[in-house]
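The structure under discussion appears below in the form of structure tokens.
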Amino acid sequence: AQSVAQPEDQVNVAEGNPLTVKCTYSVSGNPYLFWYVQYPNRGLQFLLKYITGDNLVKGSYGFEAEFNKSQTSFHLKKPSALVSDSALYFCAVRVDSWGKLQFGAGTQVVVTP
Amino acid sequence: EAQVTQNPRYLITVTGKKLTVTCSQNMNHEYMSWYRQDPGLGLRQIYYSMNVEVTDKGDVPEGYKVSRKEKRNFPLILESPSPNQTSLYFCASSPRRDGELFFGEGSRLTVL
């Protein structure tokens with residue numbers, strides 16, 4: 001079965017420190033991977049995606065993600081976290097040819113001043 | 001402004017009282033879908049539509065109906081709501097299969 005997992009329910013980081021949100025996946029074939037962010041009382045917003053090409057993908061708001069095929073991971077990273085990065089982050093993988101996405105359970109990021 | 005609009009944003013209803021959550025997008029997207037978000041479960045797809053008059057079940061379609069009579073609109077219908085349908089609902093659209101999803105602001109539904 002194709003799936004995606006976010007092993008951490010919550011990540012706490014101090015402002016200015018590096019932020020990493022973990023995601024692992026299990027798919028047959030080449031993975032299409034996505035990261036979305038949800039701010040309080042808002043819908044999800046697209047951050048970045050990996051389809052093919054460079055393993056390091058750059059996205060919105062200074063975020064990037066590293067695709068690692070051997071570890072089946074797609075971790076989201078930001079070199080220097082801001083308090084405004086506090087939000088719920090979702091990893092997702094495309095699971096069929098019609099573009100259906102399977103979402104992870106989400107990781108709450110808390111950035112403290 | 002490009003957007004996906006859902007209504008109502010908040011609704012409290014009682015078991016068995018039919019309700020409709022509307023969704024409209026102004027981006028001429030062909031693909032639209034409905035998700036429900038529950039704590040610890042992430043987002044689960046309810047129904048999706050590849051184009052006008054083309055809809056199909058997602059992972060959790062029981063108790064829901066949809067229709068796609070126009071490209072811009074994709075309403076979610078709960079014919080006889082039950083308490084286990086209390087959830088946060090999101091409508092999303094996309095211009096293509098592997099494109100990013102554009103989400104509405106969400107509709108928080110409580111069924112008593």
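Sequence lines set the chain letters: A, B, ... in the order given, protein chains first and strands last, and positions in each chain run from 1. What's counted below: heavy atoms across the whole structure, side chains too, no hydrogens, waters or symmetry copies. All values derive from a computational prediction rather than experimental measurement.
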- Applying a strict 4.5 Å limit to non-hydrogen atoms, the region of B:Asp56 in contact with chain A is neither
- Is it true that atom CG of B:Leu112 has more than 12 heavy atoms of other residues, nucleotides or ligands lying nearer than 6.0 Å? yes
- Task: Specify the closest pair of heavy atoms between B:Leu101 and A:Phe103, including all atoms of both residues, with the distance to one decimal.
- Result: CD1-CZ, 4.3 Å
- Give the cluster check for B:Leu109 versus B:Val4: same hydrophobic cluster or not, with ILVMFWY residues linked at side-chain heavy-atom distances below 4.5 Å. no
- Considering residues, nucleotides and ligands other than B:Lys71, do more than 12 of their heavy atoms fall under 6.0 Å from its NZ? yes
- Message: Tell me whether the count of non-hydrogen atoms from other residues, nucleotides or ligands lying under 6.0 Å of CG in A:Asn30 goes above 12.
- Response: no
- Query: B:Phe103 and ring pair (Phe, Tyr, Trp, His ring centres under 6.0 Å): which partner among A:Phe46, A:Tyr39, A:Phe90, A:Tyr36?
  - Reply: A:Tyr36
- Query: If you count heavy-atom pairs under 4.5 Å between each of A:Gln102, A:Gln6, A:Arg42 and chain B, which one has the most?
  - Reply: A:Arg42
- Message: Quick check for you: to the nearest 0.5 Å, what is the distance between A:Leu101 atom CG and B:Tyr48 atom OH?
- Response: 12.0 Å
- Note on the structure: The interface call for A:Leu48 against chain B, heavy-atom contacts under 4.5 Å, is neither
Expected list for residues 34-46 of chain B: side-chain donor-acceptor pairs under 3.5 angstrom, two or more places apart:
from, atom 1, to, atom 2, distance (Å)
B:Trp34, NE1, B:Phe74, O, 2.7
B:Arg36, NE, B:Asp38, OD2, 2.9
B:Arg36, NH1, B:Tyr64, OH, 2.9
B:Arg36, NH1, B:Asn84, O, 3.2
B:Arg36, NH2, B:Asp38, OD1, 3.3
B:Arg36, NH2, B:Asp38, OD2, 3.4
B:Arg36, NH2, B:Asn84, O, 3.0
B:Gln37, OE1, A:Gln38, NE2, 3.1
B:Gln37, NE2, A:Gln38, OE1, 2.9
B:Asp38, OD1, B:Ser87, OG, 2.8
B:Asp38, OD2, B:Arg44, NH2, 2.8
B:Gln45, NE2, B:Tyr31, OH, 3.2

